[in-house]
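A short write-up of the structure that comes next.
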Protein chains: 2
Amino acid sequence: MRDEGDEVRPEQTMQDRAYQTLRHALIVGKLPPGKGISLRAMAEDLDVGVMPMRAAIARLSAENALTVHDNRRVSIPEMTTDRFDQLMQARLLIEPTCAMRALGAIDEATLARIRAHDDEINRSYQIGDAELYMASNHAFHFEIYRAGRSEVLTHLLESVWMQFGPFMRTVYGAVGAVRLTDKHEMAIDAIERRDVTRLKLAIEADILDGMDLLGKSIFTQPAEMRSVSAASGQA
Amino acid sequence: MRDEGDEVRPEQTMQDRAYQTLRHALIVGKLPPGKGISLRAMAEDLDVGVMPMRAAIARLSAENALTVHDNRRVSIPEMTTDRFDQLMQARLLIEPTCAMRALGAIDEATLARIRAHDDEINRSYQIGDAELYMASNHAFHFEIYRAGRSEVLTHLLESVWMQFGPFMRTVYGAVGAVRLTDKHEMAIDAIERRDVTRLKLAIEADILDGMDLLGKSIFTQPAEMRSVSAASGQA
DNA sequence: GAGCGCTTATTGTGATCACAATTATTATGA
DNA sequence: TCATAATAATTGTGATCACAATAAGCGCTC
């Protein structure tokens, strides 16, 4: 049985709307690390009821994108060298695999969108728009990964990205202007040539570039615990 | 098990209790894939209010441990070859790394607990207790991983394990009795000798063994209807 | 006996209120 | 002036009710 108007199914609920809004804010780093997230206050800010906001916060907390303290209070996660280490390790492990799994499913239309995202990244550099960079960079990567329909793996990656979004945004001003050799174009080139090995290397290199840049700026923290290298072993 | 230590801080809330209960049921595979999870019905079963159960279900759903359909209805995830592929891929990527990160932090007391879990696994084989096997196997692995305090990575792994728990339990009857060369003892041996490479190999081999066993049972018919039977003959 | 329309039951979503605990603020003391 | 106690505001947790949408039963007709 079917309905003529298909607005029945994808009718977005309030909690979905609240979730998407907060999630996007995390990804582009609109909220600073350590900032407290209050139920009623945030509900007021996003102009949404308390119940949807409660569901949204619970969901983000379950995805490790928000930190819940012993007080049952919630806040934007603070970055530590150890957490940064694990997040980048997770990226290095999962993202190349995701990209390789997706390569065969990237058609011309998808590739066009990937290029468009990369153009947006370049534009963000020129105009110095940090949030645009964050959003476009996320879109670029997940346009690739999502093409492979690897729901399980991409879900893990979404969690990882939301966790370092706020921190990454705070250090954008210090390192964001610097641009190394573009690994994104290398990835696009690999996709065009259907070269899985090169695509894997491009993704790895892109992550390592980011690690190298962001890793340095972590030493501003009260760094009593600092493990030197970000990722130890590499397969 | 654990008793009340300092009840001031970690005073468990109702939603935590509901979450832990459901989570344990998923890990040991007490609930069959495809089974619908209703809010009020499950709240009645676990003898808990509707609000805590709603929070628990939302949390598990966010961790991909429960499937939420377009009807907004929730059920135990069904296994497919593609999902199984991704889950085992995630294990192979993350778990060896987690074990290596933890090795240096495994003291004698932790090692004793690891051995105890392995003994429980062996006991579960003898008495044919599937749920005991599932619980002990989970405890064995995460006793290792958690020693490294890699909260980010272990959180990802917990999500992965909950996703294949129900499916793994259904095929236990068919393949559970079989025991290959024990990779757990190999892992314990590697820990004793502080051999990171050997530990990594042991974990990898253990996962591959499980994949080999479980993977076969997936290659049955387009198995939408076969997900129920637990102890059926295997070709 | 199988398909169809109606009624009933159950579902998830959301709002609203109550409560205890914690935090912030103010008043009061030396 | 500064520490301290009392008060007020804000927090998360949980219960209860309302509502629309969907699923399940059930009687009916052909």
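Lettering of chains follows the sequences in order, A, B, ..., and the numbering in each one begins at 1. All values below come from the heavy atoms of this structure, side chains included, with hydrogens, waters and symmetry mates left out.
End-to-end axis angle for the helix from C:dG1-D:dC30 to C:dA30-D:dT1, using five pairs per end and rounding to 10°, comes out at 10°.
Computed from coordinates, the B:Glu11 CD to C:dA21 C1' distance equals 10 Å when rounded to whole Å. B:Arg59 has its CZ atom 12 Å from the P atom of D:dG14, to the nearest Å. In this structure, CE of A:Met53 is placed 15 Å from P of C:dT16, rounded to the nearest angstrom. Remark: C1' of D:dA21 and CG of B:Asp70 are 14 Å apart, rounded to the nearest angstrom. Taking atom CG of residue B:Asp16 and atom C1' of nucleotide D:dG14, one finds them 13 Å apart after rounding to whole Å. When the C1' atom of D:dT13 is taken as reference, atom CE of B:Met14 falls 11 Å away, rounded to whole Å. Nucleotide D:dT13 holds its P atom 12 Å from the CE atom of A:Met51, rounded to whole Å.
Residue A:Arg54 places no side-chain atom within donor-acceptor reach of the base of C:dG14, judged by atom type and a 3.5 Å distance cut-off alone.
Using modelled atom types, one side-chain atom of A:Thr154 and one backbone atom of A:Glu151 make a donor-acceptor pair closer than 3.5 Å. A side-chain donor-acceptor contact under 3.5 Å links A:Gln86 to the backbone of B:Leu153.
In this structure, the ring of B:Phe167 has its center no less than 6.0 angstrom from the ring center of B:Phe164.
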Check: residues 155-162 of chain B side-chain donor-acceptor pairs under 3.5 Å, at least two apart:
| from | atom 1 | to | atom 2 | distance (Å) |
| --- | --- | --- | --- | --- |
| B:His155 | NE2 | A:Ala62 | O | 3.0 |
| B:Glu158 | OE1 | B:Arg23 | NH1 | 3.0 |
| B:Glu158 | OE1 | B:Arg23 | NH2 | 3.3 |
| B:Glu158 | OE1 | B:His138 | NE2 | 3.2 |
| B:Glu158 | OE2 | B:Arg23 | NH2 | 3.4 |
| B:Glu158 | OE2 | B:Arg146 | NH2 | 2.1 |
| B:Ser159 | OG | B:Glu63 | O | 2.7 |
| B:Ser159 | OG | B:Gln163 | NE2 | 3.2 |
| B:Trp161 | NE1 | B:Glu95 | OE2 | 2.9 |

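Contact check on A:Arg101 versus B:Asp85 returns a salt bridge, with a Lys/Arg side-chain nitrogen under 4.0 Å from an Asp/Glu carboxylate oxygen. In summary, B:Arg59 and B:Asp16 engage in a salt bridge, as defined by a charged side-chain N under 4.0 Å from a carboxylate O.
Contact annotation: the side chain of A:Ile203 approaches that of A:Pro96 to within less than 4.5 Å [non-hydrogen atoms, C-beta and beyond]. Between B:Ile106 and B:Ile114, the closest side-chain pair of non-hydrogen atoms falls below 4.5 Å.
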Query raised in the report: Along nucleotides 7-12 of chain C, 5' to 3', which nucleotides get a B, which get an S, and which get a -, given that the test is a protein heavy-atom distance under 4.0 Å?
Result: ----BB

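Listed here is the closest heavy atom pair of B:Met134 and B:Gly165: CE-O, 3.4 Å.
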